[in-house]
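For reference, the structure discussed in these notes is given below.
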Amino acid sequence: MADPLISVAERLAPAFSHVAGRPCDPVVRPSERADAQANGALALAKELGVQPRDVAQKVLDAAGDLSDILASTEIAGPGFINLVFTDSFIAQQTADAMSSAQLGVRTSTDAHKIVVDYSAPNVAKEMHVGHLRSTVIGDALVRALSFVGHTVVRENHIGDWGTPFGMLIEHLIDLGEENAAHELGVGDLDGFYKQARGKFEGSDEFKTRARNRVVMLQGGDEETLALWRTLVKESTRYFNKVYSQLDVLLTDDDLMGESAYNDLLLPVVERLHTAGLLQESDGAEVVFPEGFTNRDNEPLPLIIRKGDGGYNYATSDLACVIDRVERIGARTLLYVVGSPQAQHLQMVEAVARMAGWLPENYVMNHVAFGSVLGSDRKMLKSRAGDTVKLASLLDEAVERATLAIAEKNPSMSHEDRAQVAHMIGIGAVKYSDLSTDRIKDYIFDWDRMLSFEGNTAPYLQYAHARICSIFRRAEIHRETVRSVVPTLADLKERALALRILRFDSATWEMIDTLSPHKMCTYLFDLASDFTSFYEHCSVLKAESEELKMSRLALCDATARVMEQGLALLGIRAPEQM
RNA sequence: GCUCACGUAGCUCAGCGGAUAGAGCACUUGCCUCCGGAGCAAGGGGUCGCAGGUUCAAUUCCUGCCGUGAGCGCCA
């Protein structure tokens with residue numbers, strides 16, 4: 001138990017419930033006028049038909065002695081109860097939190113298996129900024145959910161099947177397998193795809209070959225499958241390079257491409273048919289979930305099998321649901337997918353529930369996100385007007401970070417600089433993506449994200465590096481101060497300790513709302529409180545050895561929380577920069 | 001046309017039904033006998049898109065309107 005607000009809420013809850021005559025939430029919130037405030041009395045007063053301040057007083061009377069954790073309780077304004085913790089309570093809680101590997105973060109009381117579907121690039125197509133958000137947000141959620149004890153299954157639903165593969169395989173044959181592998185291997189996926197597309201549109205002969213090839217692919221022709229595997233292998237090798245550069249958790253083990261569900265598509269149709277949900281409409285087999293209409297206000301179908309007998313993505317998404325629930329045993333399914341797909345996913349969920357594949361207490365959640373915009377507030381494009389290649393964007397981030405470090409810290413060795421530049425550059429890109437509410441579009445701005453001022457990754461990383469530097473200079477191992485219970489004589493020390501204890505709630509807010517930006521806001525506040533503390537409280541030049549160790553303990557705690565918080569976002573914290 | 005999301009300071013964004021709406025950047029002013037100034041302290045700047053409603057209390061919840069973006073049957 002770390003967050004003191006939760007501790008005090010638990011202590012006040014019985015008193016509130018006693019006064020209310022029913023279970024009653026004290027509604028404890030952070031306060032500008034105290035460490036916290038309990039707002040529960042106002043709502044309760046209305047219910048009981050009494051003055052709010054009287055209710056507050058009754059609650060305090062019923063609460064009994066709280067002096068072990070609270071230095072003062074004051075009824076203020078219309079009926080708020082302002083709460084101030086004792087210094088000793090905060091100090092002891094801080095020491096307790098720091099004695100655990102979880103840094104005081106509560107583990108889940110409902111740990112279960114969660115599938116997170118994210119990234120999902122297409123084979124033989126370039127990864128672009130659109131994949132950035134899914135990959136970065138998904139990865140952060142995976143890390144946070146794992147941290148609190150869930151079993152998280154990463155699923156990278158790559159686009160490795162469908163009609164485009166006819167033309168892609170024929171193009172592969174034209175080029176010769178080795179040449180094609182080389183071209184894909186060096187990462188020119190866009191070129192490859194565009195050439196294939198060009199031939200498909202420009203040549204009837206090629207188009208015919210491509211269509212025949214799709215039939216052979218779907219028919220399981222071994223030679224065709226071998227060529228297809230080459231395409232997939234070279235593409236995923238390229239994806240892995242990008243993932244490695246981006247520093248995300250995804251590996252080949254997480255690949256669950258569309259092709260993996262081929263054998264499950266027919267069962268989807270059969271089970272929907274058996275359930276009596278399948279209908280024929282304009283030659284296609286469809287399900288009409290309730291509440292969805294098209295532009296003519298007619299029922300909107302989810303197409304299970306097309307008029308030509310083929311399947312499309314709705315079918316494979318349903319197969320995914322079945323697979324994730326029945327084979328993997330997941331109870332929560334998260335889809336980190338752009339917001340334009342909201343309706344599609346709602347329909348998939350609706351059909352899955354109608355069919356009974358997704359029990360009521362199972363969660364299927366669309367973790368939607370907005371677009372990446374340029375400074376013109378339109379979808380981010382390269383100078384030439386093309387979509388921006390993710391790989392080149394990441395390279396540019398590292399280049400820019402390298403220049404920045406070379407300027408700010410010229411004495412750093414070249415090897416160190418390369419490593420640190422990677423952490424800073426990639427961290428900056430990830431943080432700028434994660435630090436605003438994911439549902440909104442966000443504006444991509446190199447100068448802002450790489451700035452060492454403001455709410456940016458470099459600023460947070462700097463705060464961390466600075467603390468590491470203090471310990472180097474002090475020639476004291478971080479571990480040696482970890483059993484120290486800090487003294488909190490100065491307001492800045494106290495504020496910092498209280499902030500450290502709120503890491504618990506920050507982590508849980510991020511998880512409960514699936515919103516990494518909550519963690520970003522917290523870490524920025526932590527960094528601000530730290531720099532303020534550091535400015536006002538001498539650490540190495542403290543008046544006494546005891547005070548120095550106490551302040552070093554606060555430094556260590558700050559650095560640990562900062563490093564762990566950034567780690568939950570998938571961002572590294574260098575020891576110097 | 002219908003549906004969904006967004007609209008908060010000049011700019012980029014926080015804001016969990018609660019007290020005088022907050023940061024950062026930019027701007028103004030202090031602090032370089034300073035443990036990394038990549039900083040700290042302070043100041044100016046807002047009819048929270050508009051109008052209703054619910055509530056003791058609305059930037060927050062509901063409805064309508066306006067603006068912006070997106071989606072709306074055989075692409076994924």
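Below, chain A is the first sequence line, B the second, and so on; all start at residue 1. Quick note: numbers below take in every heavy atom, side chains included, and nothing from hydrogens, waters or symmetry partners.
A/Asp117 is not listed as a side-chain neighbour of A/Val336, based on a closest heavy-atom distance of 4.5 Å or more. You'll find the side chain of A/Tyr534 reaches within 4.5 Å of the side chain of A/Arg466, heavy atoms only.
Here the side chain of A/Ser538 is nearest to one of B/A76, B/C74, B/C35, namely B/C35. Side chain of A/Asp437, nearest nucleotide from B/C72, B/A14, B/G18: B/A14. Closest to the side chain of A/Ala284, from the set B/A41, B/C74, B/A26, is B/C74. Listed candidates were B/G15, B/A23, B/C35. Nearest to the side chain of A/Phe524 is B/A23. Here the nucleotide nearest the side chain of A/Arg295, chosen from B/C35, B/C72, B/C74, is B/C72. Comparing B/G15, B/A38, B/G18 by their nearest atom to the side chain of A/Asn409 picks out B/A38. Nearest nucleotide to the side chain of A/Arg33, out of B/G36, B/U20, B/C16: B/U20.
Within the 4.0 Å cut-off from OP1 or OP2 of B/G36, not a single side-chain nitrogen or oxygen of A/Lys408 is found. For A/Lys548, no side-chain nitrogen or oxygen approaches OP1 or OP2 of B/C35 to under 4.0 Å. Contact check, A/Arg466 against B/C35: no side-chain N or O comes under 4.0 Å of OP1 or OP2. Neither OP1 nor OP2 of B/C72 sits under 4.0 Å from any side-chain N or O of A/His344. In terms of phosphate contacts, A/Lys125 brings no side-chain nitrogen or oxygen within less than 4.0 Å of OP1 or OP2 of B/C75. Residue A/Thr531 places no side-chain N or O under 4.0 Å from the OP1 or OP2 atom of B/G39. For B/A41, one of the phosphate oxygens OP1 or OP2 lies less than 4.0 angstrom from a side-chain nitrogen or oxygen of A/Ser532.
Applying the 3.5 Å distance criterion, the base of B/A19 shares a donor-acceptor pair with the side chain of A/Gln37. For a distance-only test at 3.5 Å, the side chain of A/Asn82 qualifies as a donor-acceptor partner of the base of B/A19. For a distance-only test at 3.5 Å, the side chain of A/Ser281 qualifies as a donor-acceptor partner of the base of B/G73. You'll find a donor-acceptor pair under 3.5 Å spanning the side chain of A/Ser469 and the base of B/G36, going by distance alone. Contact annotation: side chain of A/Tyr313 to base of B/A76, donor-acceptor pair present below 3.5 Å.
Contacts of A/Val27 with the nucleic acid, taken as non-hydrogen atoms under 4.0 Å apart, are absent.
By the salt bridge (charged side-chain N to carboxylate O under 4.0 Å, His left out) test, A/Asp525 pairs with A/Arg499, sequence neighbours left out. Legend: residues meeting salt bridge (charged side-chain N to carboxylate O under 4.0 Å, His left out) with A/Arg417, ordered by chain and number and at least two apart, are absent. In this structure A/Thr487 satisfies the side chain to side chain donor-acceptor pair (under 3.5 Å) test together with A/Ser550, sequence neighbours excluded.
In this structure, A/Gln343 places its CD atom 12 Å from P of B/U3, rounding to the nearest Å.
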message: Reading 5' to 3' and counting Watson-Crick or G-U wobble pairs with both distances under 3.5 Å, write the dot-bracket notation for RNA chain B, | for bases paired outside the strand.
response: (((((((..((((....[...)))).(((((.......))))).....(((((..]....))))))))))))....
Could you go over nucleotides 7-11 of chain B and give all protein N or O partners under 3.5 Å, atom names and distances?
unit_1, atom_1, unit_2, atom_2, d
B/G7, OP1, A/Lys440, NZ, 3.1

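Taking the six-membered ring for Trp and the full ring otherwise, A/Tyr313 and A/His344 have centroids separated by under 6.0 Å.
The side-chain tip of A/Arg478 points at the ring of A/Phe471 from less than 6.0 angstrom away and within 45° of straight on.
Ring stacking holds between A/Tyr462 and B/A38, with the centres under 5.5 Å apart and the planes within 30 degrees of each other.
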Please list every donor-acceptor pair under 3.5 Å in which a side-chain atom of residues 277-287 of chain A meets a protein atom from a residue at least two apart or in another chain.
unit_1, atom_1, unit_2, atom_2, d
A/Glu280, OE2, A/Gly283, N, 2.7
A/Glu285, OE2, A/Arg305, NE, 3.1
A/Glu285, OE2, A/Arg305, NH2, 3.3

